[in-house]
Number of protein chains: 2
Amino acid sequence: MLKKTSRVSLVEQVASQMEELIGNGHWAVGNKLPPEMQLMEEFGVSRNTLREAIRALVHAGLLETKQGSGTVVRSKSSLGVALHRHFEKSSLIETLEVRLALEREAAQLAAKRRSEADVKKLQEYIKQCQAAAEIKDLEAFISADISFHQMIVKAAKNQVLLDLYEHMTDAIYTSIHDIMLDSQFSYDNEIHHELLEAICEQDIHGASTYVNEYIHTFKKRFTNITEG
Amino acid sequence: MLKKTSRVSLVEQVASQMEELIGNGHWAVGNKLPPEMQLMEEFGVSRNTLREAIRALVHAGLLETKQGSGTVVRSKSSLGVALHRHFEKSSLIETLEVRLALEREAAQLAAKRRSEADVKKLQEYIKQCQAAAEIKDLEAFISADISFHQMIVKAAKNQVLLDLYEHMTDAIYTSIHDIMLDSQFSYDNEIHHELLEAICEQDIHGASTYVNEYIHTFKKRFTNITEG
DNA sequence: CTCCTAAAGTTGTAGGATGATTGGTATATA
DNA sequence: TATATACCAATCATCCTACAACTTTAGGAG
């Protein structure tokens, strides 16, 4: 008879509808939701049911509630919070290793698929790196450097790859920041240039070579810090 | 005055405590939780508060409730559900591309770090593949093949990498299955052998070469299906 | 105009009541 | 005894009301 598992609870139905509203942009990120009273009427459920649905999305990172103020949309995806929770319980070096693996793939894909606009933006970030290095602004340098590498992933034209990379970067941002703090400005501006050149010329093998070089350097620096 | 942001709500406190209980194994996967009445007393909160916390974890995939029966622990990690929800809204080919990138990294790491036991298990899965091919049991072949590739990732000795790979495999299992159904038995048993040989001999370059060959073959098959 | 206070609006927490589903127990029947 | 049925207790699902805590806004005092 294979009775179809179980009926979906009201709470899950409401939560799904809310996720849909957030996903399709009807409830835009940053916007405030209608008050509970109104939502109760719109969804036709009691306050308890509605609140359980809201709380589920709050926990997932999609919504944010403030007592006395209201509920606002925090993100379109729950992936960030989930990855953050997961990486909290994971080894930092393992997480870094995976993130670098994504970057390696991204560099090769970017060499294949980059647009002219991508190359332009990459050049722009390198300029920002140099400018920040000249005026000894370490924070600006780190910010531009991270943006450069993120731009490579964007140029790979794979949204899944980009989502994972960005959320991993967020989750371990503090650690990445500290590693770069430790090694000052000098380290990889030459590699930046060579890598950009390869991507620009769509030289997949060259991109692979230089990104591997960068990864090797980065891992070495990390080892130096943790062992020092 | 910098008032310390906001106090953490009771619901989130209870949810965190529950996550801790699940994470450290005090509430083992598959076990049934105490009934709501008892949990209310243990956590010292009202029924509403407790239920909102439970619902948050249900939505995250950690718990599962059945009306009339009780609440059981479903998983120690919410990553699976989050990735599944995310990949549902993503392009299949992009997801496959990232998964293959993880496998590429895994093959190289496995060549470095594999133990003797890993090699033994890999050989075992190849045997299962051959045995299944001989008796024309396609399902068994696919199952053994997927296990082989998963074992490579395990041999890479990176838990983060393994978690991502396994959850991605789960999320797109049906598609992977269909791709393999379409190409029958023949395709990559030779590559299996060569790849295993490289990993066994800790030949990183060889492992890289053969896994790239495998990835190329797999992508080609996928293209054939979607374009045919 | 500025500052303070009061009120209204909103989410947070508590407790109770009823419905729906499940699992087990006791009973009746073959 | 074995089986099927009916019943009952346990448990989660939903709804309701009430009050507390916090925020924002409006209005009044100076």
Side-chain angles (χ1 to χ4, degrees), chain A residues 1-19 21-22 27-75, chain B residues 1-19 21-22 27-75:
Chain A
M1 151 175 169
L2 267 183
K3 180 179 165 190
K4 191 62 178 299
T5 55
S6 63
R7 125 179 178 285
V8 178
S9 74
L10 256 183
V11 176
E12 286 300 330
Q13 291 179 42
V14 173
S16 291
Q17 290 182 53
M18 288 181 167
E19 281 177 332
L21 286 170
I22 295 171
W27 283 356
V29 174
N31 281 19
K32 182 146 56 175
L33 269 61
E36 289 177 351
M37 288 296 195
Q38 186 175 335
L39 290 177
M40 286 167 58
E41 291 180 3
E42 290 183 11
F43 289 108
V45 296
S46 74
R47 182 152 182 240
N48 278 352
T49 302
L50 176 73
R51 281 183 58 82
E52 283 182 25
I54 289 177
R55 183 62 61 183
L57 300 199
V58 168
H59 192 75
L62 297 183
L63 298 179
E64 195 169 14
T65 61
K66 250 196 313 183
Q67 184 176 182
S69 174
T71 306
V72 299
V73 181
R74 186 184 172 196
S75 166
Chain B
M1 157 176 167
L2 267 182
K3 182 180 166 191
K4 193 62 178 300
T5 56
S6 63
R7 125 178 178 285
V8 177
S9 75
L10 258 183
V11 176
E12 286 300 329
Q13 290 180 42
V14 173
S16 291
Q17 289 183 54
M18 287 181 168
E19 282 177 331
L21 286 170
I22 295 170
W27 283 356
V29 174
N31 280 18
K32 180 145 62 175
L33 269 60
E36 289 177 350
M37 287 295 197
Q38 187 176 333
L39 290 177
M40 285 167 58
E41 292 179 3
E42 289 183 13
F43 289 109
V45 296
S46 75
R47 187 171 158 85
N48 279 349
T49 302
L50 177 74
R51 281 184 58 80
E52 283 183 24
I54 289 177
R55 182 64 60 183
L57 300 198
V58 167
H59 192 76
L62 297 183
L63 298 179
E64 196 169 15
T65 60
K66 249 196 316 183
Q67 186 176 182
S69 173
T71 306
V72 300
V73 181
R74 187 185 172 196
S75 167

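Per chain, numbering begins at 1; letters A, B, ... match sequence-line order.
Going from atom CG of A/L63 over to atom C1' of C/dT10 covers 15 Å, rounded to whole Å. Taking atom CD on A/E41 and atom P on D/dC16, their separation rounds to 12 Å, with Å as the unit. Computed from coordinates, the A/E36 CD to D/dC22 P distance equals 16 Å when rounded to whole Å. For the pair B/L39 CG and D/dA10 C1', the interatomic distance rounds to 14 Å; values are reported in whole Å. C/dT18 atom P lies 14 Å from atom CZ of B/R47, rounded to whole Å. Counting to the nearest Å, the P atom of C/dG9 and the CE atom of A/M37 are 11 Å from each other. The nearest whole Å value for the distance from the CD1 atom in A/I54 to the C1' atom in C/dT10 is 11 Å. As a whole-Å value, the separation of A/R51 CZ from D/dC15 P is 15 Å.
In the set D/dA13, C/dT13, C/dT11, the nucleotide with an atom closest to the side chain of A/S9 is D/dA13. Nearest nucleotide to the side chain of B/N48, out of C/dG12, D/dT11, D/dC16: D/dC16. With distances taken from any side-chain atom of A/Q67 to the nucleotides C/dG12, C/dT21, D/dT24, the minimum falls on C/dG12. The A/S46 side chain lies nearest to D/dT14 when the options are C/dT13, D/dT14, C/dG23. Ranking C/dG12, D/dT23, D/dC12 by closeness to the A/S69 side chain, first place goes to D/dT23.
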Determine, step by step, whether A/M18 and A/I54 satisfy the side-chain contact (heavy atoms from CB on, under 4.5 Å) criterion, reporting the C-alpha distance in whole Å, the side-chain angles of both residues, the deciding distance to 0.1 Å, and the verdict. CA-CA 8 Å; A/M18 288 181 167; A/I54 289 177; 3.7 Å; yes

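Rounding to the nearest 0.5 angstrom, the gap separating the CD atom in B/E52 from the CZ atom in A/R51 is 4.5 Å.
Taking for each of A/L50 and B/T71 the nucleotide of DNA chain D with the nearest heavy atom, the 5'-most of the two is the partner of B/T71.
The shortest side-chain heavy-atom distance between A/R74 and A/L63 does not fall under the 4.5 Å cut-off. With contacts defined as side-chain heavy-atom distances shorter than 4.5 Å, the pair B/L33/B/V73 qualifies.
The local environment of CD in B/E42 is crowded, with over 12 non-hydrogen atoms from other residues, nucleotides or ligands closer than 6.0 Å.
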